[in-house]
Chemist: 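Sharing a structure, written as structure tokens. Questions coming.
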Amino acid sequence: MAPERFDDPRLTAMGLFIEAYQGLIARLDPVHAAHGLSGSDFDALIRLARSPERRLRMTDLAAQTALSTSGITRIVDRLERAGLVCRTRCQADRRSCFAVLTSAGEQRLAADVPDTVATIERWFTGLLTAAQLDAFTAALQAV
């Protein structure tokens with residue numbers, strides 16, 4: 001039997017959280033790929049779509065996606081080449097620029113979202129009762 005120091009419920013909770021996350025991402029990657037996106041592309045596009053004026057400062061987009069500024073720059077470069085986002089200068093701070101979701105980006109995202117939601121429902125939220133989902137969401141917001 002494992003020593004008690006290795007049988008800590010906090011370690012178990014963290015391990016299960018990571019396994020569930022990685023399993024869900026493995027199911028979502030092919031969904032996004034079928035729409036010509038990576039998971040990081042989808043993450044950036046959905047955050048832009050849900051932001052006022054469909055735009056975010058590059059630094060804010062990096063923070064929200066937990067990427068470095070150089071990491072988000074590479075993603076936005078790729079999305080910009082595909083016509084899914086464009087960059088605009090911030091009038092209040094000329095050093096900053098915004099990533100802005102284009103109409104083509106919104107259309108690509110709109111095609112991906114139903115399949116993404118169906119996958120999330122099948123492999124995650126649909127496995128929980130409404131009360132469990134509410135409790136899980138509240139717990140994540142607390143963290």
Side-chain angles (χ1 to χ4, degrees), residues 1-88 90 92-93 95-143:
M1 187 157 133
E4 286 185 28
R5 68 177 174 230
F6 300 132
D7 194 23
D8 188 304
R10 294 168 291 195
L11 293 172
T12 301
M14 189 65 196
L16 289 171
F17 179 73
I18 291 168
E19 287 176 33
Y21 171 78
Q22 290 174 336
L24 187 56
I25 293 303
R27 304 253 185 216
L28 288 170
D29 282 344
V31 172
H32 300 315
H35 295 282
L37 299 171
S38 69
S40 297
D41 295 341
F42 179 86
D43 195 19
L45 292 174
I46 197 72
R47 289 171 189 283
L48 292 172
R50 296 175 72 169
S51 296
E53 300 179 45
R54 301 182 330 178
R55 69 182 192 165
L56 283 169
R57 287 179 194 253
M58 292 287 289
T59 53
D60 294 333
L61 185 56
Q64 287 185 21
T65 56
L67 293 170
S68 66
T69 53
S70 64
I72 200 64
T73 296
R74 284 190 297 276
I75 290 169
V76 170
D77 285 347
R78 184 174 60 244
L79 294 172
E80 191 171 34
R81 282 191 303 274
L84 305 179
V85 300
C86 64
R87 286 183 173 95
T88 61
C90 176
D93 181 359
R95 297 168 295 169
S96 295
C97 71
F98 291 99
V100 183
L101 183 68
T102 65
S103 294
E106 185 174 1
Q107 289 172 3
R108 178 81 59 92
L109 189 60
D112 187 313
V113 165
D115 296 334
T116 295
V117 170
T119 301
I120 292 168
E121 176 66 18
R122 178 168 185 204
W123 297 105
F124 176 39
T125 57
L127 302 174
L128 304 175
T129 67
Q132 288 171 323
L133 182 56
D134 288 345
F136 184 75
T137 301
L140 289 176
Q141 288 169 336
V143 172

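Quantities reported herein were computed from a predicted structural model and do not represent experimental measurements.
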Chemist: Test: ring pair (Phe, Tyr, Trp, His ring centres under 6.0 Å). Region: residues 44-83. Which pairs qualify, not counting sequence neighbours?
Modeler: none
Chemist: If you measure from CG on Leu45 to CG on Leu61, what distance do you get to the nearest 0.5 Å?
Modeler: 9.0 Å
Chemist: Closest heavy-atom contact between His35 and Ala111?
Modeler: CE1-O, 3.1 Å
Chemist: Pair up each side-chain donor or acceptor in residues 14-30 with any protein partner under 3.5 Å, not counting sequence neighbours, and list the distances.
Modeler:
none

Chemist: Of all heavy-atom pairs between Thr102 and Cys86, which one has the smallest distance, and what is that distance?
Modeler: CG2-N, 3.8 Å
Chemist: Which residue pairs pass the side-chain hydrogen bond (donor to acceptor under 3.5 Å, both in side chains) test with at least one member in residues 58-68, sequence neighbours excluded?
Modeler: Ser68-Ser70
Chemist: Nearest 0.5 Å, what's the CG-OG1 distance between Leu37 and Thr116?
Modeler: 8.5 Å
Chemist: Among Leu79, Val76, Leu101, Leu109, whose side-chain contact (heavy atoms from CB on, under 4.5 Å) with Leu48 holds?
Modeler: Leu101
Chemist: Are any side-chain N or O atoms of Gln132 and backbone N or O atoms of Thr129, one a donor and one an acceptor, separated by less than 3.5 Å?
Modeler: yes
Chemist: Shortest non-hydrogen contact from Ala99 to Met58?
Modeler: CB-SD, 3.8 Å
Chemist: Which heavy atom of Asp8 sits nearest a heavy atom of Arg5, and at what distance?
Modeler: CB-O, 4.4 Å
Chemist: Output all residues satisfying ring pair (Phe, Tyr, Trp, His ring centres under 6.0 Å) with Phe42, sequence neighbours left out; order by chain, then residue number.
Modeler: His32
Chemist: Can you run down the side-chain hydrogen bond (donor to acceptor under 3.5 Å, both in side chains) pairs that involve residues 75-86, sequence neighbours left out, and say none if there aren't any?
Modeler: Asp41-Arg78, Asp77-Arg87, Glu80-Arg87
Chemist: I need the Cys97 SG to Arg55 CZ distance, nearest 0.5 Å.
Modeler: 11.0 Å
Chemist: How long is the span from the CG atom in Leu56 to the CZ atom in Phe98, to the nearest 0.5 Å?
Modeler: 8.5 Å
Chemist: By the ring pair (Phe, Tyr, Trp, His ring centres under 6.0 Å) test, which pairs, at least two apart or in different chains, include something from residues 44-69?
Modeler: none
Chemist: So which heavy atom on Ile72 is nearest to which on Leu67, and how close?
Modeler: CD1-CD1, 3.9 Å
Chemist: Under 4.0 Å between a Lys/Arg side-chain N and an Asp/Glu carboxylate O for Arg108 and Asp112?
Modeler: no
Chemist: Evaluate the side-chain proximity of Val85 to Val100: yes if any heavy-atom separation is below 4.5 Å, no if none is.
Modeler: no
Chemist: With rounding to the nearest 0.5 Å, note down the distance linking CD in Glu53 to OG1 in Thr88.
Modeler: 9.0 Å
Chemist: Could you give the distance from CZ (Phe6) to OG1 (Thr12), rounded to the nearest 0.5 Å?
Modeler: 13.0 Å
